[in-house]
Amino acid sequence: MRAFCEKVITPTDASWRYHKYLMPYMPFSWHYHPEYEICLTLNSKGMRHIGDHIEEYGDLDLVFVGPNLPHTWQSESNKDGTEQIVYVAQIPVKWLDKLVRDHKELQGMMSLLARSLKGIKFSEVCASSAKTLFEQMENASVTQRLILLLELLSVMQQDCEQQTLSSPMFAFGKQMEKDNGKLNQVIEFIYAHYTESLYADQLAELAHMSTNHFHRYFKQRTETTLTEFINRLRIGKACKLLVTSTSPISVISDQCGFNNVSNFNRRFLAIKGCTPRKFRQQLINHNLIS
């Protein structure tokens, strides 16, 4: 099943959208949108789908979804008949990016926004703080809501237990925000040529660095090695093809730059914890694809 693009309508008196949903259950609704989304789910348990990541969730589930990353939560009705609560903040990319970029006090949040492209899950302690802030937003003025949103983003940024969820290439839109500098040039090249053989000395030359310095620079800026970054990118593309196509696994392996199926299976298992065949079967079992 392909994700559908949701149209988010921002209120005329605000720069972003706040909403509280009360639902008997959460239907499967595989969708994406160009806005950032902070989603807090309460009094609910079921399956959470973020990009190619599938996981059970429970009460106090706080997730930050980046632009164009497909997602949905799915649950059944509570046995006691109580309603499930979902608080949502949907924030236009250009507005939030500019706000963070133009204010030195907020620039520490840039890494949080970048990581949201893979989806971020936060700790229960952070989710509990978010619950208090969302509850305060309900009866707040638009000015007070903005202040509470910034406080919420700050609390999320400081959560030491946050975890990224999906592969970096699963989003339906741009894969990363552009920045100025050597790293952007290198990563653009990797995205354009990930199906080919890529070598560190080739990329180091592109960045006008020695190979050793490039390795250190790349790991410092991306928090991963070059090899791991390329492998995760290729596996992310493979996950997307496993969802959106019926191509044989051997064909997907070739399309994603792996030199043989055995290597593809080994890398996929190391990163996703299962084989490509099992991954596709799990999606079929959860009605994500047919």
Side-chain angles (χ1 to χ4, degrees), residues 1-3 6 21 23 25-33 36-79 84-89 112 114-131 134 156 159-172 223-224 228 231-233 235-244 267-290:
M1 180 184 297
R2 285 189 174 274
E6 176 188 339
Y21 295 92
M23 310 174 71
Y25 65 94
M26 300 181 66
F28 186 89
S29 179
W30 186 232
H31 69 283
Y32 66 98
H33 43 73
Y36 293 108
E37 178 174 296
I38 304 169
C39 184
L40 175 65
T41 306
L42 305 172
N43 196 37
S44 177
K45 62 180 181 180
M47 298 299 297
R48 181 191 341 101
H49 305 252
I50 307 292
D52 58 17
H53 186 271
I54 303 172
E55 181 180 59
E56 291 186 4
Y57 75 90
D59 194 24
L60 280 175
D61 186 63
L62 178 64
V63 174
F64 188 20
V65 180
N68 298 307
L69 181 62
H71 56 279
T72 189
W73 281 251
Q74 184 178 26
S75 70
E76 297 181 356
S77 301
N78 293 336
K79 292 182 179 179
Q84 301 174 25
I85 303 169
V86 183
Y87 287 102
V88 171
L112 179 72
R115 289 195 302 278
S116 77
L117 296 176
K118 296 187 283 186
I120 308 173
K121 174 189 172 184
F122 297 88
S123 67
E124 284 195 12
V125 172
C126 182
S128 181
S129 298
K131 178 177 181 288
F134 270 122
M156 291 161 56
D159 183 12
C160 297
E161 298 179 36
Q162 59 183 265
Q163 301 173 354
T164 53
L165 301 176
S166 182
S167 301
M169 201 167 178
F170 206 89
F172 277 74
E223 300 180 354
T224 185
E228 184 179 1
N231 282 331
R232 286 187 175 277
L233 179 62
I235 294 301
K237 177 62 174 176
C239 288
K240 190 170 182 178
L241 291 174
L242 286 166
V243 171
T244 60
R267 298 292 186 187
F268 198 100
L269 179 62
I271 290 173
K272 302 302 299 180
C274 64
T275 64
R277 189 176 304 280
K278 186 175 180 180
F279 177 85
R280 178 177 265 172
Q281 188 60 48
Q282 286 176 337
L283 297 175
I284 293 172
N285 292 343
H286 286 99
N287 299 317
L288 188 53
I289 57 177
S290 56

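Bear in mind the structure is a predicted one, so any value in this text is a computation, not a measurement. Note: hydrogens, waters and symmetry copies are ignored here, and every other heavy atom, side chains too, is used.
When atom types are taken as modelled, the side chain of Asn43 and the backbone of Gln84 share no donor-acceptor pair closer than 3.5 angstrom. Side chain of Thr72 to backbone of Phe28: no donor-acceptor contact under 3.5 angstrom is found.
Below 30°, between 30° and 60°, or above 60°: for Phe64 and Tyr36 the angle between ring planes is between 30° and 60°, a tilted geometry. Ring geometry for His71 against Trp73 counts as perpendicular: the plane angle is over 60°, on a 0 to 90° scale with 30° as the lower cut.
Side-chain atoms of Lys121 and Arg48, non-hydrogen and from C-beta on, do get closer than 4.5 Å to each other. Contact of the Leu42 side chain with the Leu60 side chain is registered, since non-hydrogen atoms from C-beta on lie closer than 4.5 Å. By the 4.5 Å heavy-atom criterion applied to side chains, Leu242 and Phe268 are counted as neighbours. Contact annotation: the side chain of Leu112 approaches that of Gln162 to within less than 4.5 Å [non-hydrogen atoms, C-beta and beyond].
Partners of Thr164 by side chain to side chain contact (heavy atoms under 4.5 Å, CB included), not counting sequence neighbours, listed by chain and number: Arg115, Lys118, Ile120. Taking Glu56 as the reference, Met47 meet the side chain to side chain contact (heavy atoms under 4.5 Å, CB included) condition, with sequence neighbours excluded.
Interatomic distance, NZ of Lys272 versus CZ of Arg232, reported as 8.0 Å (0.5 Å rounding).
Other residues, nucleotides and ligands contribute more than 12 heavy atoms inside 6.0 Å of the CD atom of Glu6.
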